[in-house]
Protein chains: 2
Amino acid sequence: MRNVTIVHVAEKARVSVKTVSRVVNNEPTVTPELRERVQAAIDQLGYAPNIAARRLGGSRSFLIVAFNDRKLTLENWRSDRGNNWIDRMQYGAMLRCDVHGYHLLCELIDLESDQLARRVGHVLSSLRPDGVILTPPNCEDPTVLDALKRAQVPFVRLGSAQAGPGARVRMDDQAAARQLTEHLVELGHRRVGFVTGSARFLASRDREEGYRRALAAAGLTVDETLLVPGDFTFEGGVAAAEALLARPDRPTAILAGNDETALAVMHVARRLGVAIPDDLSLATFDDTPSVRLSLPPLTTIRQPVAEMAAQAVDLLVAAAAKDGKLSRVDHLLPFELALRASTAPPP
Amino acid sequence: MRNVTIVHVAEKARVSVKTVSRVVNNEPTVTPELRERVQAAIDQLGYAPNIAARRLGGSRSFLIVAFNDRKLTLENWRSDRGNNWIDRMQYGAMLRCDVHGYHLLCELIDLESDQLARRVGHVLSSLRPDGVILTPPNCEDPTVLDALKRAQVPFVRLGSAQAGPGARVRMDDQAAARQLTEHLVELGHRRVGFVTGSARFLASRDREEGYRRALAAAGLTVDETLLVPGDFTFEGGVAAAEALLARPDRPTAILAGNDETALAVMHVARRLGVAIPDDLSLATFDDTPSVRLSLPPLTTIRQPVAEMAAQAVDLLVAAAAKDGKLSRVDHLLPFELALRASTAPPP
DNA sequence: TTATATTTGTCCACTTGAGGACAAATCGAT
DNA sequence: ATCGATTTGTCCTCAAGTGGACAAATATAA
């Protein structure tokens with residue numbers, strides 16, 4: 001099959017190449033009849049503009065690159081601990097790219113490689129994408145961010161709790177924690193413990209603030225001794241859970257900083273003979289497969305990762321269509337509360 | 001930062017553009033000294049050839065497209081039943097693409113869409129990739145295969161048990177079944193049941209053949225009544241398991257056609273009070289997360305998906321480097337036997 | 001009818017490399 | 001020094017579009 005080019009379309013529709021280009025690029029100065037005629041020719045020939053030529057001649061490449069972390073990608077299917085972040089991001093981004101006539105290129109990078117800057121630079125320089133999407137933990141890596149700035153390519157950081165360059169799309173951690181806490185309060189819990197996340201992550205502070213506000217809104221005073229610092233690891237979670245559950249006045253519900261922490265709490269609870277949810281309600285953040293499959297499955301907050309990626313694509317495409325400049329926005333998206341068997345009224 | 005082009009490199013290395021091109025494309029007629037000088041200039045400038053220009057002028061695009069099934073992708077992270085095929089494929093393909101200086105583009109397609117042929121055609125026509133990778137179930141879809149043939153793009157079908165056009169890379173199902181069966185025989189089992197897979201899939205036949213050969217090799221005669229047809233569904237597995245486990249001379253071990261079937265066998269065994277692995281050993285194929293997390297975790301065959309994808313990339317790149325023609329090969333790859341707690345000596 | 005606005009076409013430059021033909025330079029061996 | 005082989009350079013075309021300037025054609029309004 002010979003390659004169908006814009007010239008063939010022009011001949012078939014009996015218009016100039018320029019007009020076909022105008023139709024393809026949705027320029028407004030084309031009458032509906034002509035547009036229709038050209039579109040018909042395009043459809044009949046199955047024409048799709050060559051992206052390489054478009055990139056070379058024009059100012060857009062119709063490509064978006066997503067940089068994913070190599071290790072995380074591997075863990076995603078090797079262990080059961082992955083939270084499917086990357087899959088969900090990709091899914092959302094791909095669907096949206098499709099709508100815009102864009103294509104998504106996924107590239108793995110290794111944050112620990114000494115070739116990191118070079119690798120990122122090469123990818124950008126050879127593909128010249130219209131935009132880049134960064135997933136955690138890449139979105140906070142200074143080397144990566146620096147390479148992107150140098151290449152002057154617009155980028156969106158997904159799910160990053162840190163302020164910084166580029167646009168940002170994430171969920172509202174504070175509101176999530178608040179809603180989770182409210183759920184427990186509504187069930188009748190009055191003593192709600194909180195194994196906080198690592199203080200290094202800003203999201204942890206947001207979550208703590210949400211927890212406090214929910215209690216305050218319910219007219220409950222915050223018992224500071226029920227706030228135990230965790231660090232997102234299983235070990236940290238175990239220590240924190242022991243501190244909370246060994247008390248004679250132990251809480252009737254616990255909020256865990258993340259799923260890993262929650263699994264640690266479950267572990268300790270089982271050891272101490274504390275039944276979930278009969279003796280203790282447990283809620284957490286992230287919704288990894290592990291907490292869907294655990295016994296009981298855990299009530300948790302699900303991040304709208306696919307939706308976040310879709311918005312990122314929209315932002316980048318809009319910027320490319322305009323002047324290639326991406327305004328420094330910070331989108332907050334609503335999350336989803338997954339109610340499962342781990343939360344119930346207090347004993 | 002100005003775009004670095006081949007001209008800049010040529011100037012810096014004080015050679016002609018042609019020579020830089022020769023170095024970049026690894027042509028043999030360049031002396032080592034000169035090659036080194038050019039490479040130094042490339043490194044210092046951080047030059048990477050513009051892929052669009054390369055595509056337009058030359059005969060290669062340095063792009064490989066992977067068509068994944070939309071539904072499967074979604075299920076992969078929505079439910080826990082996904083077998084991570086797509087993730088593993090992508091990981092293996094990406095790493096290999098990186099080595100060859102290629103880039104991987106993942107595209108979702110919907111086999112049930114009436115726009116399927118058009119969509120595939122558009123992607124191929126606008127990207128003009130050097131090759132395509134198909135994952136199940138796309139690799140057996142006639143519409144997709146037809147569109148690929150029309151575009152005359154080389155493609156590799158991964159994990160397809162069906163003969164057909166294009167190259168094929170898969171695992172040896174027969175050897176896998178054989179090894180799984182041998183494992184059970186070595187544990188001392190003499191009565192090994194087999195809930196076969198759906199007869200519509202050639203892989204099922206291969207697996208059955210492997211099972212027979214293993215028994216024959218061990219000097220055991222095959223009891224045909226221990227071969228019960230399954231259909232890869234949970235319901236089919238339940239019926240088959242009931243047939244096998246209700247017998248007074250029930251087998252001491254069961255081979256399940258796939259993980260879904262295995263979970264069904266577990267379900268029935270638990271209901272009947274048959275303990276695994278004490279009363280019954282259970283082994284299966286696919287290694288989905290579900291069977292890693294089940295109680296007990298199941299002995300299973302893990303397909304070398306990442307490795308398969310890597311080989312697919314190698315094949316496509318080699319074809320592109322040569323004449324763009326892909327020989328119709330059929331690679332069989334070794335699999336991995338994951339021994340877990342579900343198999344033990346007979347009671 | 002003329003003036004004005006809008007749509008469409010013409011023409012050309014430009015993008016960044018590949019690839020081929022062939023000349024020029026360099027090298028080594030006789 | 002001469003021949004032949006190898007390496008490097010010159011020069012040109014080509015890929016398939018975009019984008020801009022501007023002219024021509026057409027439609028609309030005064």
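Throughout, protein chains are lettered first and strands after them, A, B, ... in sequence-line order, and every chain is numbered starting at 1. Being a predicted model, the structure only gives us computed values, none of them experimental.
Side-chain contact check for A/S126 versus B/N50: every heavy-atom pair is 4.5 Å or farther apart. Using a 4.5 Å heavy-atom cutoff, the side chains of A/R150 and A/D146 are in contact.
Taking a cutoff of 4.0 Å between a charged side-chain nitrogen and a carboxylate oxygen, A/R119 and A/D110 do not qualify as a salt bridge.
Both B/S16 and A/R54 lie near DNA chain D, and the one whose nearest nucleotide falls closer to the 5' end is B/S16. For the pair A/A48 and A/R22, nearest-nucleotide mapping onto DNA chain D gives the more 5' position to A/A48.
Listed pair B/Y47 / C/dT16 fails the phosphate criterion, with no side-chain N or O lying under 4.0 Å from OP1 or OP2. Within the 4.0 Å cut-off from OP1 or OP2 of D/dT18, not a single side-chain nitrogen or oxygen of A/S59 is found. Considering only side-chain N and O atoms, B/N25 lies under 4.0 angstrom from the phosphate OP1 or OP2 of C/dA18. Contact annotation: B/T31 side-chain N/O to D/dT7 OP1/OP2 distance is not under 4.0 Å. Here A/S21 reaches the OP1 or OP2 of D/dT18: one of its side-chain N or O atoms lies under 4.0 Å away. Applying the 4.0 Å criterion to OP1 and OP2 of D/dT7, one finds that B/T19 has every side-chain N and O outside that range. Phosphate proximity of D/dT8 to B/T29: absent, as no side-chain N or O sits under 4.0 Å from OP1 or OP2.
Rounded to whole Å, the distance from CD on B/E36 to C1' on D/dT8 is 18 Å. With rounding to whole Å, A/L56 atom CG is found 17 Å from C/dA13 atom P. Atom CD of B/E27 is separated from atom P of D/dT6 by 16 Å (rounded to the nearest Å). Straight-line distance from the CG atom of A/L34 to the C1' atom of D/dT26: 12 Å, rounded to whole Å. A/R37 places its CZ atom 13 Å from the C1' atom of C/dG9, with the value rounded to the nearest Å. C/dG19 atom P lies 13 Å from atom CG of B/D323, rounded to whole Å. One atom, CD of A/E33, and another, C1' of D/dT26, lie 12 Å apart when rounded to the nearest Å. Between the P atom of D/dG17 and the CZ atom of A/R55 lies a distance of 16 Å, rounded to the nearest Å.
Residue B/F62 is out of contact with every strand shown, counting any heavy-atom pair closer than 4.0 Å. Residue A/V15 is in sugar-phosphate contact alone, with no base atom involved, counting any heavy-atom pair closer than 4.0 Å across all strands shown. Heavy atoms of A/V30 sit under 4.0 angstrom from primed sugar atoms or phosphate atoms, though from no base atom. Residue contacts for A/G57: at a heavy-atom cut-off of 4.0 Å it reaches a base atom on one of the strands shown.
Checked by distance alone, B/R60 brings no side-chain donor or acceptor within 3.5 Å of a matching partner on the base of C/dG17. Side-chain atoms of B/K18 come within donor-acceptor range of the base of C/dG20, with a qualifying N/O pair under 3.5 Å.
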Checklist entry - Where do B/R60 and B/Y102 land on the side chain to side chain donor-acceptor pair (under 3.5 Å) test, with the steps shown first? => result CA-CA 10 Å; B/R60 305 166 69 181; B/Y102 269 64; 3.0 Å; yes
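Among A/T73, A/T135, A/N138, the single residue meeting the side-chain hydrogen bond (donor to acceptor under 3.5 Å, both in side chains) criterion with A/N68 is A/T135.
Looking only at atom types and distance, the side chain of A/D314 has a donor-acceptor partner in the side chain of A/H100 under 3.5 Å away.
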